[in-house]
Each structure stands twice: as structure tokens, then as C-alpha cells.
Amino acid sequence: QVQVVESGGGLVQPGGSLRLSCAASGTRARINTMGWYRQAPGKQRELVASITSAHSTNYADSVKGRFTISRDNAKNTVALQMNTLKPEDTAVYYCNVDFGFFGVFWGQGTQVTVSS
């Protein structure tokens, strides 16, 4: 069965950096789009960044210039480099993997806390 596994979350001070990683496994289906979403308590889950199989990227306005999404098609992995982190970036971050017709799968979520 498909597994989506995230890593890299943690506690960081404002202005610091974290790198999140996500790996999809369990199928040979091709991945169309991979992305990162986040959800803070009491708030709606929102798209942070996404990247297509052709490496076209999309970012939320709040993270443009600070976050960078990348992927390795051969390894079915996606990463999110987060720089100049702010307290408002605090949330649970979820990896999203879109296989197209095969389905959409989510990781379990990883906590990112930005606090001094």
C-alpha cells in the first residue's frame, strides 16, 4: 500500500531554518504533483507550496521568497526548505502526493514550531 512519510519537523527560533522531507512508496504509479500543506489549531488547512512533475512550482504569498520546494522524481521525494521562519509559520505540515487517477495521499503530518 502507498505510504507517505515526512521528516524534519521540530522547534526553531524566529529567523531560523528547517528542511522538511517527504517520501512516497508502495506503488510504481507516476506522481503528478507533490505539495506541502499546513494547518494551525483553529485554522483551515492551506497550501504552502506545490511542485509538478515538470518542476513547475506554486507558493502561498506568505512564504514566497522564504520557502523553496523541490523534488526528486526518481526517488519520489519532495522537500521544503524553510528559511527566515516566523512564529506565524507554526503549524502541522502535511505532505500531499497526487497520483492523478490512482489517487491522492497524505502524510501523517509533522509539527513545526517557531518560537523564541
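Just so it is clear, the structure is predicted and the values come from calculations on it, not from any experiment.
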Might you work through the side-chain contact (heavy atoms from CB on, under 4.5 Å) test for L20 and F67, ending with a clear yes or no? CA-CA 11 Å; L20 305 182; F67 291 9; over 6 Å; no
Qualifying salt bridge (Lys or Arg N to Asp or Glu O under 4.0 Å) pairs, either residue in residues 18-32, two or more places apart: none
Among pairs that include at least one residue of residues 84-101, which meet salt bridge (Lys or Arg N to Asp or Glu O under 4.0 Å), considering only residues two or more places apart or in two chains? R38-D89, R66-D89
So, for A40 and A91, which heavy atoms are closest and what is the spacing to 0.1 Å? N-CB, 3.9 Å
Spatial distance of atom OG (S116) from atom CG (L11) [nearest 0.5 Å]: 10.0 Å
Closest approach of L18 to G8 (non-hydrogen atoms, all atoms of both residues): CD2-O, 3.8 Å
Taking side-chain hydrogen bond (donor to acceptor under 3.5 Å, both in side chains) as the definition, give me every residue that meets it alongside Q111, ordered by chain and number, with sequence neighbours left out. T113
Provide the closest heavy-atom pair for V97 versus M34 in the form atom of the first, atom of the second, distance. CG2-CE, 3.9 Å
G9 and V112 have their tightest heavy-atom pair at CA-CG2, 4.3 Å
Could you report the tightest heavy-atom contact between V48 and V63, atom names first, then the distance? O-CG2, 3.6 Å
Sequence neighbours excluded, which residues qualify as ring pair (Phe, Tyr, Trp, His ring centres under 6.0 Å) partners of Y94? none
Honestly curious: do V12 and M82 fall in one hydrophobic cluster under the side-chain, below-4.5 Å linking rule? yes
Would you say that T57 contacts T52 through its side chain, given a criterion of any heavy-atom pair below 4.5 Å between the two side chains? no
Taking only residues two or more places apart in sequence, or in another chain, which ones meet T27 in a side-chain hydrogen bond (donor to acceptor under 3.5 Å, both in side chains)? none
Applying side-chain hydrogen bond (donor to acceptor under 3.5 Å, both in side chains) to N83 and not counting sequence neighbours gives S17, Q81
Look at the aromatic rings of F105 and F99 and report parallel, tilted or perpendicular, splitting at 30° and 60°. perpendicular
If you group Ile, Leu, Val, Met, Phe, Trp and Tyr by side-chain heavy-atom gaps below 4.5 Å, do V4 and L47 land in one group? no
Side chains of T110 and V92, heavy atoms from C-beta outward: is any pair under 4.5 Å? no
Assess whether side-chain contact (heavy atoms from CB on, under 4.5 Å) is satisfied between R71 and S53, documenting all intermediate values. CA-CA 8 Å; R71 66 185 285 171; S53 59; 4.2 Å; yes
Disulfide bond (SG atoms under 2.5 Å apart): pairs with one or both residues in residues 14-116, sequence neighbours excluded: C22-C95
Applying side-chain hydrogen bond (donor to acceptor under 3.5 Å, both in side chains), name anything that partners Q3, two or more places apart in sequence or on another chain. none
Using modelled atom types only, decide if a donor and an acceptor are shared between the side chain of T90 and the backbone of V114 within a distance under 3.5 Å. yes
Gap between atom CD of E6 and atom CG of L80 - 0.5 Å precision: 11.0 Å
Calculate, to the nearest 0.5 Å, the distance between atoms OG and CD1 belonging to S70 and I51 respectively. 6.5 Å
For residues 17-66, the ring-ring contact (aromatic ring centres under 6.0 Å, His included) pairs (sequence neighbours left out) are Y37-W106
One should read off an interatomic distance between I31 CD1 and N76 CG, to the nearest 0.5 angstrom, of 3.5 Å
How would you list, by chain and number, every residue that makes a salt bridge (charged side-chain N to carboxylate O under 4.0 Å, His left out) with D61, sequence neighbours excluded? K64
